[in-house]
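Note: hydrogens, waters and symmetry copies are ignored here, and every other heavy atom, side chains too, is used. Bear in mind that the values here come from a model prediction, so they are computed numbers and not experimental data. Naming convention: chains lettered A, B, ... in sequence-line order (proteins, then strands); numbering from 1 in each chain.
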Protein chains: 4
Amino acid sequence: MKQKKPKYKQIIDAAVIVIAENGYHQAQVSKIAKQAGVADGTIYLYFKNKEDILVSLFQEKMGTFIEKIEEQIAGKESAAEKLYMLIQKHFSLLSEDCHLAIVTQLELRQSNKELRLRINEVLKNYLNVVDQIILAGKDSGEFSSTLDLRLARQMIFGTIDETVTTWVMNDQKYDLVSNAEKVQELLIYGFGKR
Amino acid sequence: MKQKKPKYKQIIDAAVIVIAENGYHQAQVSKIAKQAGVADGTIYLYFKNKEDILVSLFQEKMGTFIEKIEEQIAGKESAAEKLYMLIQKHFSLLSEDCHLAIVTQLELRQSNKELRLRINEVLKNYLNVVDQIILAGKDSGEFSSTLDLRLARQMIFGTIDETVTTWVMNDQKYDLVSNAEKVQELLIYGFGKR
Amino acid sequence: MKQKKPKYKQIIDAAVIVIAENGYHQAQVSKIAKQAGVADGTIYLYFKNKEDILVSLFQEKMGTFIEKIEEQIAGKESAAEKLYMLIQKHFSLLSEDCHLAIVTQLELRQSNKELRLRINEVLKNYLNVVDQIILAGKDSGEFSSTLDLRLARQMIFGTIDETVTTWVMNDQKYDLVSNAEKVQELLIYGFGKR
Amino acid sequence: MKQKKPKYKQIIDAAVIVIAENGYHQAQVSKIAKQAGVADGTIYLYFKNKEDILVSLFQEKMGTFIEKIEEQIAGKESAAEKLYMLIQKHFSLLSEDCHLAIVTQLELRQSNKELRLRINEVLKNYLNVVDQIILAGKDSGEFSSTLDLRLARQMIFGTIDETVTTWVMNDQKYDLVSNAEKVQELLIYGFGKR
DNA sequence: GATGAATGAGGCTTCATTCAT
DNA sequence: TATGAATGAAGCCTCATTCAT
């Protein structure tokens with residue numbers, strides 16, 4: 001059977017592998033082309049330039065990422081439960097794709113300011129999901145009515161992100177998912193006694 | 001008037017300015033030399049190579065950073081107060097040096113993996129201070145005795161870092177320091193009602 | 001008309017000319033590229049680095065050199081005749097290519113130790129041809145049976161090389177080839193009376 | 001006791017050691033200064049520039065070299081004996097100073113064309129001694145009256161030089177001096193039977 | 001649509017030499 | 001005389017992108 005997967009996705013998947021295995025600065029277009037099994041020039045039939053591959057990669061993966069998280073959250077009643085599912089799914093999705101974890105947590109951050117701004121655009125969709133949970137919590141009375149939306153969002157994202165990054169930098173050698181519950185509890189109740 | 005400031009510091013300060021204003025990838029050695037008012041070759045009397053400038057920059061600045069934070073924390077009784085002073089000082093030090101804020105939050109993260117590993121070594125000293133606070137809080141009974149040290153550390157650092165990064169990416173246009181108290185409260189009490 | 005000659009040879013020939021005309025240390029890659037009529041980067045599609053150009057140059061030219069000499073020697077009966085053809089062809093091949101003579105006698109010797117070691121590897125093929133002649137002469141009884149192979153080889157190569165070098169340093173202003181017979185006689189009979 | 005040896009010689013001796021141990025291209029002025037125990041700038045009180053160190057080195061060493069050879073030759077009657085003494089002394093002087101051997105046979109040849117031309121000027125004094133021997137041999141009837149002076153000179157120098165170079169490139173691991181007699185015989189009688 | 005050979009701009013670093021002390 | 005900190009010119013190589021086939 002010939003490769004049915006359109007070249008577009010084929011190239012993005014190749015990029016994830018090449019970047020994860022070689023690092024951002026060693027991920028030349030020619031390497032990605034080779035991994036994807038196409039000629040260098042073919043890349044430019046599907047992407048405007050190299051930056052476009054990376055942004056598309058992030059959009060594509062983050063789109064799927066958010067969809068799956070939204071699915072998980074959909075049925076849940078409480079904000080606490082939603083937050084738990086967000087964290088749990090975030091952790092488990094990255095645990096299941098070690099290449100993607102390396103790329104998003106370490107490699108893509110080496111991109112220049114402009115690219116990172118465009119990546120942040122994509123990230124906003126994720127942050128919107130976070131915001132929905134916080135607002136739901138405030139609405140339902142689970143969270144303090146004086147909770148600052150931006151700070152809460154930064155705390156949730158910052159904590160999750162730092163947790164995943166530490167895990168990746170430790171070569172993913174411990175189980176990330178099993179931390180989900182404690183992370184959620186810390187976010188909701190803080191360090192104080194309960 | 002002769003330059004009294006030793007060239008070593010002179011070059012590091014020039015590097016901070018050049019990187020902040022031009023971006024990491026546009027911070028050529030020749031630009032740094034020009035900004036420092038020395039010849040290109042002079043750089044190499046004080047630094048082994050370009051990477052050495054960046055690591056030294058981080059060491060020098062982070063060293064001062066940590067010293068100042070430790071001074072602030074020293075007198076405080078409670079862990080809560082110590083945590084507040086950490087955040088407050090962290091925010092105010094970066095607020096006072098907008099160039100340094102850009103460099104540490106955005107530009108230096110574009111460095112390659114090897115350089116970031118060396119930067120992380122320096123960061124460990126900061127994380128040790130954080131750990132001391134958490135342990136003190138557990139000792140004194142302010143924090144839950146079951147509090148996971150690593151998770152708490154990641155939550156504190158992740159939240160602070162994300163907060164500063166967001167502020168820098170928004171062009172430092174709002175007051176960062178005034179958020180210190182709320183961030184501390186969120187960390188200690190979480191999102192729950194009080 | 002398209003350049004039919006493959007770029008590999010095109011670049012090597014350009015290198016010979018550039019080195020001969022500008023000297024080893026003034027033979028920048030960009031100059032060679034310009035002379036070859038290709039872009040700087042194209043050089044690196046055919047050669048690993050600058051040193052590789054020089055080693056390849058020597059291999060290529062010395063390969064042809066040895067082939068032609070072997071052709072000449074092939075039919076000859078006596079070692080004396082073979083030695084004469086070796087010298088005669090050595091002199092005439094370099095007389096016909098004044099650029100190559102300058103490069104091999106003067107410029108390539110300025111290369112660093114590592115490069116010269118690699119050049120010496122190539123030279124061994126030439127010295128093997130010399131050895132064959134000496135051994136043939138000893139076998140046939142033309143040369144003394146006590147003749148020391150290494151010394152004889154050094155005397156032949158040293159004399160030929162010094163003769164060519166002197167000629168090149170005198171700007172090739174006298175006829176080299178006409179010395180071939182006398183050089184051969186000197187090697188075979190020495191300075192003594194005959 | 002303080003260093004009585006004038007700095008001039010001190011620097012030249014340092015240069016020989018530094019070049020022999022590090023190679024021509026790694027023999028920076030600062031390294032020579034350090035080895036000589038003087039400041040970089042001091043070098044320039046005794047030598048016009050780096051090239052001047054190298055030419056002076058060659059002049060100084062070659063001057064002594066020739067003097068010693070002339071001493072040896074002085075008393076000898078026959079040209080054959082003189083030639084033997086020349087070779088024998090040439091070999092033994094270099095055998096006794098392994099640093100100098102490396103410098104003259106390998107490292108100094110990496111110098112550029114201009115420097116080599118100046119070195120050749122110095123070499124002429126050596127070649128004059130060779131010429132005296134050849135002419136004496138022709139006068140006395142030991143050598144053929146039709147012997148070509150230039151060719152004979154090239155054969156003597158080329159053979160000696162190639163012999164020493166081969167010995168140095170083989171890490172001076174066999175005895176050079178013991179080859180003197182056979183080299184002389186080969187030069188005088190050639191490869192023919194005797 | 002697919003190829004891949006060719007392009008060419010751009011920067012880190014070394015080291016001989018100077019000159020104020 | 002002696003010092004040594006400072007100078008600054010100069011070149012190899014990479015790799016994103018194009019375009020003739």
Side-chain angles (χ1 to χ4, degrees), chain A residues 6-8 11 25-34 36-54, chain B residues 2-3 6-8 10-11 22 25-34 36-54, chain C residues 2-3 6-8 10-11 25-34 36-54, chain D residues 6-8 10-11 25-34 36-54:
Chain A
K7 290 216 165 55
Y8 176 80
I11 292 167
H25 290 292
Q26 283 306 306
Q28 294 86 353
V29 171
S30 61
K31 241 180 222 163
I32 296 173
K34 196 173 204 176
V38 300
D40 294 17
T42 307
I43 300 269
Y44 291 86
L45 299 175
Y46 295 91
F47 299 91
K48 212 166 72 245
N49 49 35
K50 188 181 178 181
E51 179 177 314
D52 191 30
I53 305 176
L54 304 175
Chain B
K2 288 268 181 62
Q3 282 285 358
K7 291 224 161 39
Y8 177 79
Q10 199 172 319
I11 292 167
N22 299 275
H25 291 293
Q26 281 307 305
Q28 295 86 350
V29 171
S30 60
K31 243 180 223 165
I32 295 174
K34 196 173 208 176
V38 299
D40 292 17
T42 306
I43 300 267
Y44 292 87
L45 297 177
Y46 297 90
F47 300 91
K48 219 168 62 247
N49 49 37
K50 187 180 176 182
E51 177 176 317
D52 191 30
I53 306 176
L54 303 174
Chain C
K2 287 269 183 59
Q3 281 286 356
K7 291 226 162 37
Y8 176 80
Q10 200 173 319
I11 292 167
H25 291 291
Q26 281 306 306
Q28 294 87 349
V29 172
S30 60
K31 241 180 224 164
I32 296 174
K34 196 173 206 175
V38 300
D40 291 18
T42 306
I43 300 268
Y44 292 88
L45 297 177
Y46 295 90
F47 300 91
K48 219 169 60 250
N49 50 35
K50 187 181 177 182
E51 178 176 315
D52 191 30
I53 305 176
L54 303 174
Chain D
K7 289 216 165 54
Y8 176 80
Q10 201 172 318
I11 291 167
H25 290 293
Q26 281 307 305
Q28 295 85 354
V29 172
S30 60
K31 242 181 221 163
I32 296 173
K34 196 174 203 176
V38 300
D40 293 18
T42 306
I43 300 266
Y44 291 87
L45 298 176
Y46 296 91
F47 298 92
K48 213 167 70 247
N49 50 34
K50 188 180 177 181
E51 179 177 313
D52 191 29
I53 305 176
L54 304 174

[X] [atom1] to [N] [atom2]: how many Å, rounded?
X: F47(B); N: dA6(F); atom1: CZ; atom2: P; answer: 12 Å
X: K50(A); N: dC15(F); atom1: NZ; atom2: P; answer: 8 Å
X: K48(D); N: dA16(E); atom1: NZ; atom2: P; answer: 16 Å
X: I11(B); N: dA6(F); atom1: CD1; atom2: C1'; answer: 11 Å
X: Y44(C); N: dA9(E); atom1: OH; atom2: P; answer: 16 Å
X: H25(B); N: dA9(E); atom1: NE2; atom2: P; answer: 22 Å
X: D52(C); N: dC12(F); atom1: CG; atom2: P; answer: 14 Å
X: Q26(C); N: dA9(F); atom1: CD; atom2: C1'; answer: 12 Å

Kindly say whether Q26(A) contributes a backbone atom to a donor-acceptor pair with the side chain of K31(A) at under 3.5 angstrom?
->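 Confirmed, K31(A) side chain pairs with Q26(A) backbone.
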Looking only at atom types and distance, does a side-chain atom of K7(D) sit under 3.5 Å from a main-chain N or O of V38(D), one as donor and one as acceptor?
->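 Checked: no pair found.
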Nearest to the [X] side chain among [options], which nucleotide is it?
X: L45(C); options: dG11(E), dT7(E), dA2(E); answer: dT7(E)
X: D40(C); options: dA16(F), dA5(F), dC13(F); answer: dC13(F)
X: T42(A); options: dT3(F), dT7(E), dA2(E); answer: dA2(E)
X: A39(A); options: dG4(E), dG11(E), dT14(F); answer: dG4(E)

May I ask you to list the residues of residues 27-34 of chain C, by number, that have any heavy atom positioned under 4.0 Å from an atom of DNA chain F?
->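 Hits under 4.0 Å, by residue number: Q28(C), V29(C).
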DNA chain E: G41(B) or N49(D), which has the more 5' nearest nucleotide?
->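 Counting from the 5' end, the first nearest nucleotide belongs to G41(B).
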Which sits closer to the 5' end of DNA chain E, V38(A) or E51(D), going by the nucleotide each is nearest to?
->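 The residue mapped nearer the 5' terminus is V38(A).
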Distance in Å, [X] [atom1] paired with [Y] [atom2], rounded so as to fall on 0.5 Å steps:
X: D52(D); Y: Y46(D); atom1: CG; atom2: OH; answer: 14.0 Å
X: I32(B); Y: I53(B); atom1: CD1; atom2: CD1; answer: 4.5 Å
X: Q28(B); Y: K34(B); atom1: CD; atom2: NZ; answer: 11.5 Å
X: Y44(C); Y: I11(C); atom1: OH; atom2: CD1; answer: 10.5 Å

dA6(E) phosphate, OP1 or OP2, under 4.0 Å from K7(C) side-chain N/O |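 For dA6(E), OP1/OP2 do have a side-chain N/O of K7(C) under 4.0 Å.
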Consecutive-pair stems (3 or more, Watson-Crick or G-U, under 3.5 Å) for DNA chain F |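 E:2-21 with F:2-21 - these are the stems of 3 or more pairs that involve DNA chain F.
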Kindly give the heavy-atom pair with the smallest separation between D40(C) and A33(C), and that separation in Å.
->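 The answer is OD1-CB, 3.5 Å.
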Sugar-phosphate only, base, or nothing, as touched by Y46(B) at under 4.0 Å among non-hydrogen atoms =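 Answer is sugar-phosphate: Y46(B) comes under 4.0 Å of backbone atoms only.
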